[in-house]
Number of protein chains: 2
Amino acid sequence: MPRPRSLTEDRIADAALAVLDRDGTDGLKMRAVAAELGMGTMSLYRYVSGRERLEGLVVDRMLAAVDTGTGELERWTDRVLALAERVRWVVQAHPAAVPLLLGRRHSAPASLRWGEAVLEVLAEAGFGPRHRAFAFRAILGQVMGALQAEHFGPLIGEGTEALAALPRESHPYLAETAAAARGLTAEEEFRRCVGLLLEALDREAREDREGADGSRPGTRGR
Amino acid sequence: MPRPRSLTEDRIADAALAVLDRDGTDGLKMRAVAAELGMGTMSLYRYVSGRERLEGLVVDRMLAAVDTGTGELERWTDRVLALAERVRWVVQAHPAAVPLLLGRRHSAPASLRWGEAVLEVLAEAGFGPRHRAFAFRAILGQVMGALQAEHFGPLIGEGTEALAALPRESHPYLAETAAAARGLTAEEEFRRCVGLLLEALDREAREDREGADGSRPGTRGR
DNA sequence: TCACGTAGGAGTATCGCGTACGCCAACGAA
DNA sequence: TTCGTTGGCGTACGCGATACTCCTACGTGA
């Protein structure tokens, strides 16, 4: 047993996150991470097979920090909302990692854990397997879409000003809407977008449960 | 007026799309696009300032192909759904361009045109500026999220199998849900996810219009 | 028809990044 | 202490983006 390993994957992921926070998305380079860890570039390859793997570690590290316990909450919609918001918080802390998250979420173990937690809540709320699949996709889509929009999109933050300044002639609605959106925070937007979706799912589920009368056939999860 | 320009930005974007379709996301290189156009690498720089700009052209080209007319449809929800689906179709035709779309949508003029069309429908449906901003964000989030999930995510397509094969012990719900999702097409998923959101927005709008009684204050767009 | 000027086309070179290879040192066990 | 294994690292190569510069082709005005 000659010589213990001096680095863990978590330490590496933390270093990468530090680099991301400091130098931005484009600043994430193998050299930079190695320097952050105080070692030569190639030493890093003893622990990480390559850049792909490094990015995967970062994403997993972020998602692993998300607490998936929701025991304290009553309504299932509140539970899922909490799960969604916790993802958002973690992501908020490292905005430069958003592109990585969007692209590598599917291969992160912690992402599976989160998905499992959401599906568990859905199952307890009475969603059958098929309806659950659909609901999960909608939720995941809204969460990822909101994060994507929040970080790349223009409707919140400085982009709002740019849009509001558009010529009224070519883009009257965008200009007006952007102006009206000035006061909104991303936090509030996220909450309402996801919340609205969850309410809709809840209504659907209740209708399914109460009146199993087959009205609007084919619209629900069977 | 010596010598006309021999390339248009559209031709360049088309060439880039051809390269994307053939060589994938990572295959989009300045060299490749120049070769596709039958010229030397550096000649391309006469027309395009750099790679960033090239990617922007590609995104704009795709979105410009989206028809934004919805005169033939009655319900506002159907109009927005049609606009959303048309984006999806265009993207379907060039899957390798999805990462570009997600990252550069905000800076594409054609994206503004699309957004303007959506907002116009929302305005005609009776959404006030503030509520419209929120609805737009929700719709945009769901559309982009669905596209993102469809192309990176595992719940539809081959990924479904991988998830369904997960050990029941560690991820019982994911495994079961993925198995149940086997028959679903991405098309149907997209339609239902966006449709559900639109129905929810429609219900909200109707409640606002009919009973302007201020129940559940602060939940709606004011 | 011809000569001239502007803009296009392309070669070369540089820079930065990921990473394969191989050397040496450090640490643990015998 | 000595040997075997593993960690740390310097060097070097391949590749992609792009600045600089020269040569060429086309269109125009005479």
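Numbered from 1 within each chain, the chains take letters A, B, ... in sequence-line order.
Ring geometry, W114(B) versus F136(B): the interplanar angle falls from 30° to 60°, so the pair is classed tilted. Aromatic ring pairs are classed by plane angle as parallel below 30°, tilted from 30° to 60° and perpendicular above 60°; the pair F134(B) and H131(B) is parallel.
What you find for A64(A) and A110(A) is that their closest heavy atoms are N-CB, 3.4 Å.
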query: Taking protein heavy atoms under 4.0 Å as touching, what does nucleotides 9-18 of chain D look like 5' to 3' if B marks base contact, S marks sugar-phosphate-only contact and - marks none?
result: BBB----BBB
Candidate pair R104(B) and D60(B), rule side-chain contact (heavy atoms from CB on, under 4.5 Å), full reasoning: CA-CA 9 Å; R104(B) 301 183 186 288; D60(B) 198 48; over 6 Å; no
I'd like a table of donor-acceptor pairs (distance under 3.5 Å, sequence neighbours excluded) in which one partner is a side-chain atom from residues 33-46 of chain A, with atom names and distances.
{"from": "E36(A)", "atom 1": "OE1", "to": "R22(A)", "atom 2": "NH2", "distance (Å)": "2.2"}
{"from": "S43(A)", "atom 1": "OG", "to": "G40(A)", "atom 2": "O", "distance (Å)": "3.4"}

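Between L7(B) atom CG and dA7(C) atom C1' the separation is 14 Å, expressed in whole Å. Taking atom CD1 on I12(B) and atom P on dG8(C), their separation rounds to 11 Å, with Å as the unit.
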